Amino acid sequence: MKLMHCPLNGPRNISEFVCHGEVVAPPDHARCTDAEWAAYVFLHDNQAGVVREWWMHVPTAYWFIAERDTRSDQILRTYRASEMYSARLDLAPNGRAT
Amino acid sequence: MPFGLLLSGLVNGARVGPVLPPAPDLKDAYDVVIIGGGGHGLATAYYLVHDWGISNVAVLDKGYLGGGNTGRNTAIIRSNYLTPEGVRFYDESVRLFQGLSNELDFNILYSERGHLTLAHTDAAVRTMRWRAEVNKHLGVDSELIFPDEIGRLCPELNLSEDVRYPILAALYHGPGAIARHDAVAWGYAAQAARRGVHLHQLTEVTGLEIAGGRIRAVLTNRGRIGCGHAIQAVAGSSSLLAAMAGFRLPIRTVPLQACVSQPLKPFLDLIVVSGSLHVYVSQSDRGELVMGGSTDPYALYSSRSTLDFKESLMAHMLELFPFLAEVKVLRQWAGMADMTPDFAPILGATPVANYWIDAGWGTWGFKATPVCGKRMAEAVGTGKVPGVLAPFALARFDDFRLVGEKGAASVGH
Ligand SMILES: Cc1cc2nc3c(=O)[nH]c(=O)nc-3n(C[C@H](O)[C@H](O)[C@H](O)COP(=O)(O)OP(=O)(O)OC[C@H]3O[C@@H](n4cnc5c(N)ncnc54)[C@H](O)[C@@H]3O)c2cc1C
């Protein structure tokens, strides 16, 4: 079976992981328009090429980021979310998402 | 009537000519350019000229006609969907399919088998009762049946309660059918070409020329082609074309794999589907079991096959038909499915004027080939999106008005 390298658990079978889609910055939900929110919820770039995605290792519920080529199915790099996000996303009302 | 075969059998020296004429020279411009020569694009071309007299039409495909998902699907045709919008739409398609061999003078090997969707959980039984009632209300033949009746219709099925997921009930849909998918593409192609439509294979669209918010031309590996209208019908490549047009889609491109067994004597009349077990199967006229399952777990622009897929599919096949344990898999393949979040298609207008979209067909669009072609042609011919297409507009995602077909489309294609 294809292997994926989990930043927490090392190489594991790909069937232990779930892909949660493209890494995108959520819009400021308190201030954005309905159209911006709809675009955030539904639309995807769905690129043929190298993409950056959220993945989760299901048995340990560990979320991380992977760079993957969607043409060749090659996983180029996986890393901890802390590499991209240094602060916690504040999704409270009127909070500003970073 | 398709008399060609009879003629070649009975008349000495009578020969069946090639299905398609040689490709004409590429023109600088067409009234309508259709991007994608799958069943949908070819059907749209046929109805444009047949219903609306628009013959200055080109169909462009980067590969060969019908080489995309049209030539890769498991060919299941049915209309027992969940939403009234869906049922109405697919019912029109099934009716068109029933007369299609005659209409196209081309035998599409339409074979009405009856379609059985098995329920292994209480939740599935509830969804099927719901579907049956919606279907009946709209005049579609659809019935919830229980193991005694299932056993009578399909004695080969393992109805034992001594399995992981015993069969509790099933949705039975008499008009469920299969057809030869290539023949559908070729039949539409031949009839469209006969009426003057240009079919250009190995012609890849690489860009779009848009000015004043309107489509002006498509750019291809063979040069610029001006157009009054353009329609994209490219299945797995939908997001790539939309990006050329400057908008995004609620679509992910995910592989869907399928395979066939070695040929066996005919034993399975029905099309059998199980959502819980992720399997659907029918027996082709050649005797092969045509089998498929769920989509791959993540997005990919590739038609590779995997062992994981086959292992799980075969395990589930053997739970339903244990006597097939010695049978071998003969061929395997995959297509790139354009999956929407609500399991309903995206049809009609786009943010670019005169640029139309036929996408989001995921794992279930073969059965919609005729209705989609007919109604997309109507949209272009009249400039107005017909009522049956309206619920499937791209704009539904702006207004959060989704058409939830997951309960009827997620596994049983
Ligand atoms: C394994 C599998 C099983 C399925 N089973 C069923 C089923 O049982 N029942 C059902 O109803 N549906 C089923 N489907 C879904 C169905 O096959 C598709 O929804 C349907 O065939 C889509 O037809 P189409 O004409 O829109 O796309 P396609 O047949 O994929 O045609 C699109 C064409 O666009 C061309 N193209 C792409 N990009 C470009 C470009 N840039 N320029 C020019 N041309 C381009 C491609 O070469 C291709 O030929 C299945 C799909 C798969 C993969």
Side-chain angles (χ1 to χ4, degrees), chain A residues 1-6 11-27 29 32-59 61-78, chain B residues 62 204 206 234-244 246-255 257 294-312 334 336-342 344 346 350-351 359-360 362 393-403:
Chain A
M1 186 175 283
K2 191 178 177 63
L3 295 180
M4 188 169 211
H5 187 92
C6 173
R12 309 291 306 175
N13 284 340
I14 189 98
S15 62
E16 291 184 14
F17 298 89
V18 173
C19 178
H20 283 276
E22 298 156 13
V23 176
V24 280
H29 64 96
C32 71
T33 62
D34 284 357
E36 283 165 343
W37 187 253
Y40 169 63
V41 172
F42 295 122
L43 303 187
H44 311 293
D45 286 340
N46 192 28
Q47 280 166 357
V50 177
V51 297
R52 201 160 55 186
E53 295 168 321
W54 285 109
W55 282 74
M56 183 182 65
H57 181 246
V58 178
Y62 179 74
W63 287 69
F64 60 96
I65 297 171
E67 283 172 16
R68 192 168 68 85
D69 191 328
T70 59
R71 289 160 305 190
S72 62
D73 199 15
Q74 236 188 323
I75 298 161
L76 305 168
R77 204 162 90 83
T78 57
Chain B
K62 68 174 179 183
E204 177 168 7
T206 52
V234 293
S237 301
S238 294
S239 302
L240 307 181
L241 263 293
M244 293 178 202
F247 57 90
R248 296 199 298 160
L249 294 174
I251 284 181
R252 287 199 176 102
T253 296
V254 184
Q257 306 184 37
S294 50
T295 53
D296 273 25
Y298 53 87
L300 199 62
Y301 283 89
S302 162
S303 49
R304 57 103 178 87
S305 296
T306 64
L307 184 61
D308 321 354
F309 162 79
K310 279 182 287 290
E311 271 186 326
S312 77
M336 294 188 296
D338 37 337
M339 302 296 290
T340 55
D342 56 358
I346 298 171
T350 72
L394 174 57
R396 76 177 180 273
F397 295 96
D398 299 340
D399 313 335
F400 301 87
R401 272 186 295 113
L402 274 55
V403 185

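For the numbers below, each heavy atom of this structure counts, side chains included, while hydrogens, waters and symmetry mates do not. Just so it is clear, the model here is predicted, and its values are computed rather than measured.
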Give every donor-acceptor pair between chain A and chain B closer than 3.5 Å, one pair per line, or write none.
from, atom 1, to, atom 2, distance (Å)
A/His44, N, B/Leu249, O, 3.1
A/Asp45, OD1, B/Arg248, NH1, 3.0
A/Asn46, O, B/Tyr301, OH, 2.5
A/Asn46, OD1, B/Thr253, N, 3.1
A/Asn46, ND2, B/Ser239, OG, 2.7
A/Asn46, ND2, B/Ile251, O, 3.4
A/Asn46, ND2, B/Thr253, OG1, 2.9
A/Asn46, ND2, B/Tyr301, OH, 3.2
A/Arg68, NH1, B/Ala299, O, 2.9
A/Arg68, NH2, B/Ala299, O, 2.8
A/Thr70, O, B/Tyr301, N, 2.6
A/Asp73, OD1, B/Tyr298, OH, 3.0
A/Asp73, OD2, B/Tyr298, OH, 3.2
A/Asp73, OD2, B/Arg304, NH2, 3.4

- Task: Indicate the ring-plane relationship of B/Phe400 and A/Phe42, choosing parallel, tilted or perpendicular according to the 30° and 60° boundaries.
- Result: tilted
Across all chains, not counting sequence neighbours, the ring pair (Phe, Tyr, Trp, His ring centres under 6.0 Å) partners of A/Tyr62 are none
Cut-off 4.5 Å, heavy atoms of chain B, and the answer for A/Ala35 is neither
Looking only at A/Val51, A/Val41, A/Val18, A/Ile14, the option with the highest number of non-hydrogen pairs under 4.5 Å against chain B is A/Ile14
Cut-off 4.5 Å, heavy atoms of chain A, and the answer for B/Leu240 is side chain
When the 4.5 angstrom heavy-atom criterion is applied to B/Ala299 and chain A, the contacting part is both
